[in-house]
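Report on one structure; see the data block that follows.
A note on names: the letters A, B, ... follow the listed sequences, proteins ahead of strands, and every chain is numbered from 1.
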Amino acid sequence: TMAATKTSKEQRYDRQLRLWGDHGQEALENAHVCLINATATGTETLKNLVLPGIGAFTIVDGHTVSGEDVGNNFFLSSSSIGKNPDKLLDNDPEFFHRFTLVIGVQLPESTCLRLGSVLWSASVPFLVCKTYGLIGYMRLVVKEHTVIESHPDNALEDLRLDQPFAELKSHIQSYDLESMEKKDHSHTPWIIIVAKYLEKWLSEHNSQPPKNYKEKEAFRQLIRQGILKNDNDVPEDEENFEEAVKNVNTALNPTKIPTAVEDLINSEQCSNITSQSASFWVMLRAIKEFIQSEGNGSLPVRGTIPDMIADSQKFINLQNVYREKAMQDAAAVSKHVECILQSVGKVSCKNASFLRVVCCRSLAEEYSVDSVNKDEITSYMDSPDSEMVLYLMLRAVDRFYQQHSRYPGVYNYQVEEDISKLKLCVNSLLQEYSLNVNIKDDYIHEFCRYGAAEPHTVAAFLGGSAAQEVIKIISHQFVPFNNTFIYNAMSQTSATFQL
Amino acid sequence: MADLDEPMVVDGGTGTRCEWEGRWNHVRKFLERSGPFTHPDFEASTESLQFMLDTCKILVIGAGGLGCELLKDLALSGFCNIHVVDMDTIDVSNLNRQFLFRPKDVGRPKADVAAEFINSRIPGCCVVPHCKKIQDFDETFYRQFHIIVCGLDSIVARRWMNGMLLSLLVYEDGVLDPSSIIPLIDGGTEGFKGNARVILPGMTACIDCTLELYPPQINFPMCTIASMPRLPEHCIEYVRILLWPKEKPFGDGVGLDGDDPDHIQWVYQKSLERAAEFSITGVTYRLTQACFSSLFDSAACATEVFKIASSAYIPLNNYMVFNDVDGLYTYTFEAERKENCSACSQVPQDLHFSPSSKLQEVLDYLTESASLQMKSPAITATVEGKNKTLYLQSVASIEQRTRPNLSKTLKELGLSDGQELAIADVTTPQTMLFRLSFTS
């Protein structure tokens, strides 16, 4: 039955649904990705997309399976179109337009750049992956990727104590701390306590809130003085007041629009909304208009408060004040959205502070002599063992392949003699891009030693990372990396560069 | 389910080697070629591969999310002698990441199915399954392995394993015999975060040295749960901690199983009722335990197994953390040994209490201290020449008999200054000795 299938799917995907929700899962199931080259790295990536339920995948791989492929690859009989990506680029580049995202694995430089150019024009996100010996490499190429739900780790609360909205003000006013019985006094939420004492402070300090450390300490003292005393004048144990004192810093945080969101609001895409604009930009525009009208300069109220010591009723009443305001603000934003566009955006505006956009440079820009990111490269190379050297070695190895139609050191007898050939490639690379950096000979030796091996554990690591980033792109949740990721299995370290 | 005392004979053939041209090419490059970054002890040769294929014995603990990945990674890296221990059976919710299992396997032991799959998929690989708890084995079992890798989701189990390997260490004249060291590689995961670490028992930081890195489970105060709930979580905890033991919905002695949909359904319904009582909204079926496994920890762990088994590179020293909520972030550092670690320092642990302190206070200290975090310690001491159990929780009749001791003072129990207390707990396979030091 339908109900049974739905429940069994919910059960199967239960653990991941807790991370990205039904809408994230839906996006995943509607996606169709293309994998180019079903090597160990490629199939590991694919496994990690198939398991959570990716809608469809297509594999493009012109190679025939060899003995060593069977040795490091868990999937021996995946069905493949058997076409060659280069041939497709020659004859039918639009083949790639149908995909939600393309994953290119172990691609030689020329194929990679050609594919990059096709996908950039078609605005199809492209993830380049390579396992080379003990090094893993990923490059994300996406023009403009919007993230509505970034799920930040440590978000500041949105309490509005510096500018309480009307309903919050009157709720605070409904409390009279001085006349309360002990039980109520000890179970009043700290937000109310801070608000009350803040009112007192403002009236005594010319409407100026506590700003520096000295003033905040004085404010804390003011609150402490509010703790009830027993008949012997000894302060009672009032944990809610302790909480209030502890949270003074958080409470006094001025309500502010995050810089990231400010930049987005002032961006061109936000100013020029057309019928082609993605719902992300429509939402942002609606939020901008809200800020300029009902919001009085602030974002819609988020509506959540942290847990705190209080009796159930007081806590829930306070929580409801914030919740109802958030719903009011959301309704106002929706009206703006309606006015901007016929259809209404599906997403909730409680994520307003966490909107993010990731824009990656194209491969063409990374590889062009005119626009190569010299600063990034040279500054990281100040430490000669930084992961940046591994990036440069991968570029050098690509160059070697272009010149010799093979990778260095594949066969034992080649290892020694290829070192000097690879060194020439390194030097020509550095010269072409005018990179005044030094690459130790040890790395050149090591990359010959690798012989373009694709050890399974490194492929598995990269496959896990790649799949995770693909899921982020498809679901528009969590923030993907920007734009080059290097993993060093020798040292178990990694780095992200923007190239 | 019959007890497995002997290794199962599974398809794929124990001991039959099926090689083909180029099979181990990817691996060979790291074993047969010298290089500038290899371990100082490394010598390029063709023998390392043979060691890994024929002799090296690895134990994988757990056949869940991490365990399945580990088995695959090890098998495809040349390890052909692997044992796997897991007492669980397969549930439908496992199928979205534990890829060695299929819908038809639901209900069967994870260890068995995982072993079958790997053995048939990777010719020549012999995975021996054990559908048991780690505590069911003793030193003679663990001693046979070269390296042990953990893919566990329980800190208690990790600590037990840690304790077991520490108990295998041999000291001669106070000097540690390196051949008694069995490296422990440990991976952990939760949502978009994870970690991988290398432990050389007796040499590097052990699990207990870094216990503070594992924050104790968020325990809401009892008064909140019992009478003043505010959040959906409080309602769920109420049902889990207070209602379940009272109503025993699935029978006497049946514990709540987070993987059993019927159990969860019951908790969900009851939580809704509780929440309605207090006008709390937000109780959803999806409880707030995330356990979608990251996939890098297992791969990173397997890489370390390879490095250690082959001496190809210096192993991770010694802790790697991943966080992929925003981009991809890893951080690698050397966790330090704790000077007075209760597990590995061999420094006798002192207990400072006044003679008028009650035994309950000692018990509370053992469970609440961030560096000990014991679960249900059993305390025994030698009093007037006789071995006396002061308190033991795990056997109901003994618990009842010794419960009155908790409200007696240490003096009343006949304990003296400098006295040794032997304390046993699920977090360690060996009894720990503590020294009572009276304060005035």
Side-chain angles (χ1 to χ4, degrees), chain A residues 8 11-19 47-48 51-53 66-68 70-72 74 133-134 150-153 187 307 310-312 315-316 412 415 442 445-446 449-451 453-458 460-461 463-465 467-469 478-482 485 489-494 496, chain B residues 20-27 29-30 32-37 69 72-73 76-77 92-93 95-97 99 121 191-192 196 224 228-231 261 278-280 285-292 294-296 298-300 302-304 306 313 316 320 323-330 332:
Chain A
S8 89
Q11 281 181 341
R12 180 170 177 150
Y13 295 136
D14 171 64
R15 299 297 195 268
Q16 73 207 43
L17 289 171
R18 293 174 191 174
L19 275 186
K47 155 175 86 56
N48 298 328
L51 283 172
S66 72
E68 71 177 26
V70 177
N72 75 344
F74 198 68
L134 290 180
S150 57
H151 300 280
D153 255 346
H187 289 94
D307 189 23
D311 62 56
S312 312
F315 179 82
I316 290 170
N412 284 347
V415 179
D442 279 347
H445 181 177
E446 184 74 356
R449 175 176 186 249
Y450 287 158
E454 194 184 358
H456 184 83
T457 59
V458 186
F461 186 98
S465 316
Q468 195 136 295
E469 297 308 299
F478 301 93
V479 182
F481 74 105
N482 182 6
F485 174 76
M490 290 189 287
S491 57
Q492 297 285 24
T493 54
S494 74
T496 300
Chain B
W20 54 84
E21 178 74 33
R23 179 177 189 183
W24 300 113
N25 277 358
H26 294 283
V27 170
K29 284 168 186 165
F30 299 97
E32 295 172 5
R33 299 175 175 192
S34 61
F37 297 112
E69 291 285 334
K72 161 183 71 70
D73 292 346
L76 285 170
S77 299
V92 157
S93 69
L95 298 177
N96 81 328
R97 67 206 179 288
F99 61 93
R121 180 56 66 94
F192 281 86
T224 304
M228 241 184 282
R230 298 177 294 270
L231 303 178
F278 291 87
S279 311
I280 296 173
Y285 181 85
R286 230 165 269 155
L287 299 171
T288 52
Q289 270 176 298
C291 36
F292 176 62
S294 272
L295 300 143
F296 344 71
S298 46
T303 298
E304 292 309 308
F306 179 83
Y313 290 90
L316 166 66
M320 183 185 188
N323 186 336
D324 308 305
V325 167
D326 188 336
L328 283 157
Y329 174 73
T330 67
T332 307

When you measure from the side chain of [X] to the backbone N and O of [Y], does any donor-acceptor pair fall under 3.5 Å?
X: B/R97; Y: A/P52; result: no
X: B/R230; Y: A/I316; result: no
X: A/S312; Y: B/P229; result: yes
X: A/T457; Y: B/D73; result: no
X: A/E454; Y: B/H26; result: no

Give a yes/no verdict on a cation-pi contact between A/K47 and B/F99, requiring under 6.0 Å between NZ or CZ and the six-membered ring centre and an angle within 45° of the axis.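 Yes, A/K47 and B/F99 form such a contact.
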What pair of heavy atoms forms the shortest contact from A/A310 to B/M228, and how long is it?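 Closest approach of A/A310 to B/M228: O-SD, 3.4 Å.
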Restricting to non-hydrogen atoms, name the atom on A/E446 and the atom on B/P36 that form the minimum distance, rounded to 0.1 Å.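 Distance-wise, the nearest heavy atoms are OE1-CD, 3.2 Å.
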With only heavy atoms counted, which part of [X] is less than 4.5 Å from chain B, the side chain, the backbone, both or neither?
X: A/N482; answer: neither
X: A/P480; answer: backbone
X: A/T496; answer: side chain

Top residue by heavy-atom pair count (under 4.5 Å) with chain A, among B/M320, B/K72, B/E304?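 Between B/M320, B/K72, B/E304, the count favours B/K72.
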Look at B/L316, B/V27, B/I280, B/T330 and state which one has the largest set of heavy-atom pairs under 4.5 Å with chain A.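 So the answer, after comparing B/L316, B/V27, B/I280, B/T330, is B/T330.
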By a 4.5 Å heavy-atom criterion (distance strictly below it), what part of B/F37 contacts chain A: side chain, backbone, both, or neither? both
Contact part of B/F306 toward chain A, heavy-atom cut-off under 4.5 Å: side chain, backbone, both or neither? neither
Which one of A/F315, A/Y450, A/F481 has the most heavy-atom pairs closer than 4.5 Å to chain B?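 Of A/F315, A/Y450, A/F481, A/F315 has the most heavy-atom pairs under 4.5 Å with chain B.
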